[in-house]
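Below is one structure, written out as structure tokens, with a few remarks after it.
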Amino acid sequence: MPELPEAETIVRGLRPLIVGRRITRAEVLRPDVLREGVRSFAPRVRNRTILAVERRAKNVLILLDGSRRIAVNLGMTGRLLPFPAPPRGARRPGHPAVRFRFSDGGVLVFDDTRRFGTVECLGDTEWTVREARFGPEPLGDGWTARALHVALSGSRSPVRSWLLDQRRVAGVGNIYAAEALFLAGIHPQRPASSLTKTEATALHGAVRSVLSDAIDEGGTTIRDYRNAIGGEGGYASLLWVYGRDGEPCRRCGTAVERIVFANRSAFFCPRCQPAAR
DNA sequence: AGTGTATCCTGCAGGC
DNA sequence: TGCCTGCAGGATACAC
């Protein structure tokens with residue numbers, strides 16, 4: 001599913017295609033993706049003009065006039081597909097959940113096979129409350145190596161779990177956590193508080209470079225992820241460890257391992273990322 | 001403050 | 001071919 005780079009890629013692709021358009025109606029085909037009733041949601045987006053498209057953490061925000069925004073969490077398999085879609089051959093929605101119709105005849109479809117994603121329309125106050133639950137943006141100026149080290153030192157949680165906790169840092173998911181920990185040479189089960197200042201600094205740099213490189217590549221497509229025009233991301237071929245269990249480490253040749261904790265697979269090179277130090 | 005487990009849901013790959 | 005199991009970029013709630 002989409003992590004920060006995928007959400008960012010979608011936002012950038014969507015922005016020129018939908019800003020300025022007016023939503024004439026929302027058709028909710030799968031009410032369970034809403035976090036509110038259809039009777040509450042549909043009228044709040046009707047006849048609203050799209051002013052901007054932004055991202056916060058892994059969420060796509062469609063800002064509307066009238067001090068409200070549509071917040072889309074893409075979950076594992078969510079997509080936002082505008083139609084008419086430019087390229088022929090681009091995927092047509094297979095599991096449309098919400099369809100926004102524009103006054104010019106265009107359509108934006110939230111498509112989500114597994115329906116772990118969510119769509120909501122939030123006012124300013126609701127959004128402020130929601131937004132406060134997210135930690136800092138890892139690519140923002142406020143997220144420093146020093147601040148990361150201090151934050152890590154207060155938690156005995158495994159560092160991979162720490163990175164996945166959106167309240168601590170917003171937007172890192174399982175792929176980029178694995179990649180950043182590899183680049184920093186840190187075993188995913190190391191307690192957060194055990195990281196030295198040097199390691200925290202390395203992790204800080206690794207998270208940032210992995211995320212920004214992935215944005216440059218348009219995200220990582222393993223299976224389901226598609227950008228706003230149906231295309232795949234190019235970062236999958238650059239992965240060091242994610243999904244490569246049993247294959248040789250691209251740095252040292254040792255077999256990449258897969259372990260499961262906190263109900264998620266973790267991939268690492270046992271030689272490049274020793275368990276203890 | 002942690003972990004482990006379960007839940008939401010669909011599809012696909014691999015083993016037999 | 002079919003059936004079964006396990007697995008998947010996320011997030012949350014629960015008991016311990």
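Only heavy atoms go into these numbers, but all of them, side chains included; no hydrogens, no water, no symmetry mates. Chain naming here is simple, since letters A, B, ... match the order of the sequence lines and numbering starts at 1 in each.
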Mind calculating the distance between CG (A/N263) and P (C/dA13) to the nearest angstrom? 16 Å
Give DNA chain B the dot-bracket treatment, 5' to 3': Watson-Crick (N1-N3 with N6-O4 or O6-N4) or G-U (N1-O2, O6-N3) under 3.5 Å, [ ] crossing, | other strand. .|||||||.|||||||
Within the 4.5 Å heavy-atom criterion, are A/L63 and A/V53 side-chain neighbours or not? no
When rounded to the nearest Å, what value does the distance between P atoms of C/dC3 and B/dC9 take? 23 Å
For A/Y176, report the nucleic acid contact type (base, sugar-phosphate, nothing); a contact means any heavy atom under 4.0 Å. nothing
Do A/F116 and A/L74 touch side chain to side chain, with heavy atoms closer than 4.5 Å? no
Using chain A heavy atoms and a threshold of under 4.0 Å, write down where along DNA chain B the contacts begin and end, 5' to 3'. B/dG2 to B/dG11
Per salt bridge (Lys or Arg N to Asp or Glu O under 4.0 Å), A/R55 is matched among A/E3, A/E8, A/E6 by A/E8
Going by heavy atoms in the side chains, are A/F102 and A/F83 under 4.5 Å from each other? no
Note: A/E126-A/R44 ion pair, threshold 4.0 Å (strictly below): yes
In whole angstrom, give the distance that lies between atom CD of A/E120 and atom P of C/dT12. 10 Å
Please tell me if the side chains of A/I23 and A/N47 come closer than 4.5 Å, counting only heavy atoms from C-beta onward. no
Taking the nucleotide of DNA chain B with the closest heavy atom to each, which residue, A/R114 or A/S157, is nearer the 5' end? A/S157
Between A/R35 and A/P2, whichever has its closest DNA chain C nucleotide further toward 5' is A/P2
Over 60° means perpendicular and under 30° means parallel, so classify the ring planes of A/Y242 and A/F267, tilted if in between. perpendicular
Does the side chain of A/L183 come within less than 4.5 Å of A/R251's, by heavy atoms? yes
Could you tell me the separation between the CG atom of A/N59 and the CG atom of A/L4, rounded to the nearest 0.5 Å? 10.0 Å
Selection: residues 68-78 of chain A, any non-hydrogen atom under 4.0 Å of DNA chain C: A/N73, A/G75, A/M76
